Amino acid sequence: MIDADVAIVGAGPAGLAAAAEALARGLSVALLDDNALPGGQYFRQAPRELRRAGAADGREHRRAEALFRAIEHPRLRYLGGAVVWDAPGPGVLAFARGADSGRVQARAVVVASGAVERAVPFPGWTLPGVLTAGGVQNLIKSQRVLPGRRFLVAGNGPLLLVAAHSIVRAGGTVVEVAEGAVLARAWRHAPGLLAAPDVLRRGLGYRAALARAGVPVRSGQTIVAARGPGEVAEAVVAPIDPAGRVDRSRARAIAVDTVVAGFGLVPAVELTGLLGCRHRWDARRGGWFPSAPATSRRPCATCSRWATGPASAVPRSRWSRGDWPVCSSRSGSARATSRGSRATSGGGVVACAACTACATPSPRCGRHRRRSSICSRRTRSSAGART
Amino acid sequence: MSEARRLTGAGDEPFTFFVDGEPLVAHPGETVAVALLAAGRRALRASTRRGEPRGLYCAMGVCWECAVRVEGSSVRACVAPAAPGLRVETPGRAAASSGTAPDRAGG
């Protein structure tokens with residue numbers, strides 16, 4: 001049994017920031033991650049053997065380094081390659097790690113398990129050669145392999161542009177980016193984007209880079225099928241009419257060897273489910289979301305002990321306020337903030353990509369309009385907290 | 001036949017491991033899936049019900065589409081590191097599928 005004040009599951013940006021915060025308050029931390037190396041998806045590290053100098057851009061690299069500093073702290077125990085598979089009692093997590101297994105006993109548990117791709121099926125989606133946008137990013141960035149030559153990138157959201165850009169930079173051909181959203185309607189997100197100029201600049205930067213590479217980005221288009229035989233040889237794309245229906249009469253077949261599908265991210269709720277938290281189905285965002293106290297009178301089976309939600313931290317941590325609060329008793333003001341921001345959330349999709357410190361998947365970013373600055377403050381405060 | 005290719009230069013000492021008894025070259029740090037991908041193999045297993053070919057999907061350890069067997073255990077090829085001498089078996093025999101495969105979850 002490993003004892004710690006705080007057990008944090010997930011060593012991505014949120015988990016690392018939570019760890020730094022807990023360490024700064026004099027607490028001991030057990031940090032577990034399914035991956036061998038910390039970093040999560042956003043700051044995913046290549047295995048040492050595959051690293052090369054200058055792989056990450058400087059600014060991102062500095063942000064990552066600041067977060068990784070927590071790992072070396074003497075009061076932190078990092079358990080890489082550990083899969084949490086049970087929560088047998090309050091504050092107890094059972095994990096499997098390679099051929100070993102063990103338990104962590106903690107006074108508080110922080111779930112920072114992050115997000116997973118929202119898998120949207122279409123005929124042929126099981127064919128080898130259909131990959132998620134995040135998966136392709138991972139293969140290129142940390143596995144140093146380009147998984148095809150001719151790509152269709154299809155789905156919805158800013159990660160499509162990021163993935164397409166990575167593919168082009170790695171020497172692949174992106175035949176088309178098919179974005180489901182209709183550009184004309186995207187302008188309603190403009191106020192949120194203008195409040196996050198950095199995100200806007202990066203988004204435009206990807207667009208410009210793709211334009212230079214001659215990659216068409218078509219909005220109002222969606223993938224309707226991938227075809228074999230055996231593996232992807234062709235993709236079928238069709239327009240979405242103003243009523244939101246797919247117009248199959250105008251479908252186009254495109255010869256590609258790889259389909260990159262990205263339909264946004266949803267929270268990884270296995271662990272919050274294991275911990276007995278309530279969840280609600282969000283049809284618009286297409287996933288289950290852990291309920292915070294703001295929406296539930298009885299948020300967690302073991303509320304006084306468990307903290308849940310990405311980026312939520314040790315109880316009373318100041319920067320969990322207004323986000324997904326921890327599953328302990330929260331002040332009225334935190335509830336009000338949370339409810340208020342939910343009311344204004346219209347899905348400022350692009351704004352979300354910036355929320356790295358809280359590892360917030362894109363659809364939540366409508367709430368984070370004002371908060372991209374908070375997120376960077378999180379990063380800075382957690383980095384500076386150890387001084 | 002896939003067109004995947006490695007992006008790193010030939011700096012590291014490659015080694016050999018075995019997939020269904022066949023030797024395969026990998027570089028240090030690579031996963032089983034990447035070594036297979038770079039060797040042109042995208043189908044990593046056959047689905048249990050219909051024998052349809054399945055390969056990498058999430059490529060980050062979530063979906064288990066790329067499950068292969070190592071020493072009797074199911075492992076995710078996308079996160080399992082290749083190692084010298086490692087013996088990997090791909091489950092089932094991937095049938096040459098024509099057309100589409102609608103049941104990722106159930107297959």
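Since the model is a prediction, treat every value here as computed from it, not as a measurement. In what follows, every heavy atom counts, from backbone to side chain, and hydrogens, waters and symmetry copies are set aside. In what follows, every chain begins at residue 1, and chains take the letters A, B, ... in the order their sequences are listed.
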Greater than 12 external heavy atoms within 6.0 Å of A:Trp85's CH2: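 Counting other residues, nucleotides and ligands, CH2 of A:Trp85 stays at 12 neighbours or fewer.
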Quick check on B:Glu89: does its CD atom have over 12 non-hydrogen neighbours (other residues, nucleotides or ligands) under 6.0 Å away?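 Atom CD in B:Glu89 is not crowded, with 12 or fewer foreign heavy atoms closer than 6.0 Å.
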Measuring heavy-atom distances to chain B, does A:Leu146 have an atom under 4.5 Å in its side chain, in its backbone, in both, or in neither?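 Contact with chain B is through both the backbone and side chain of A:Leu146.
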Let me know if A:Ala119 has heavy atoms under 4.5 Å from chain B in its side chain, its backbone, both or neither.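 Both parts, backbone and side chain.
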Please evaluate residues A:Asp34 and B:Arg76 with respect to the criterion side chain to side chain contact (heavy atoms under 4.5 Å, CB included), reporting the C-alpha separation (whole Å), side-chain torsions for both, the decisive distance (0.1 Å), and the verdict. CA-CA 12 Å; A:Asp34 181 21; B:Arg76 295 161 291 179; 3.2 Å; yes
What pair of heavy atoms forms the shortest contact from [X] to [Y], and how long is it?
X	Y	answer
A:Thr132	B:Cys58	OG1-O, 3.3 Å
B:Leu37	A:Pro147	CD2-CB, 3.8 Å
A:Ala170	B:Leu7	O-CD2, 3.5 Å
A:Asp257	B:Arg42	O-NH1, 2.6 Å
A:Pro128	B:Pro53	CD-O, 3.3 Å
A:Gly134	B:Met60	C-CE, 3.3 Å

Could you state the interatomic distance from [atom1] ([X]) to [atom2] ([Y]), rounded to the nearest 0.5 Å?
X	Y	atom1	atom2	value
A:Asn138	B:Cys78	CG	SG	8.0 Å
A:Thr126	B:Glu52	OG1	CD	5.5 Å
A:Gln143	B:Arg6	CD	CZ	10.5 Å

Answer yes or no: is there a donor N or O on one side and an acceptor on the other, between the side chain of B:Arg5 and the main chain of A:Gly148, under 3.5 Å?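 No, B:Arg5 side chain to A:Gly148 backbone: no donor-acceptor pair under 3.5 Å.
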Where do B:Tyr57 and A:Val130 land on the side chain to side chain contact (heavy atoms under 4.5 Å, CB included) test, with the steps shown first? CA-CA 6 Å; B:Tyr57 176 64; A:Val130 177; 4.2 Å; yes
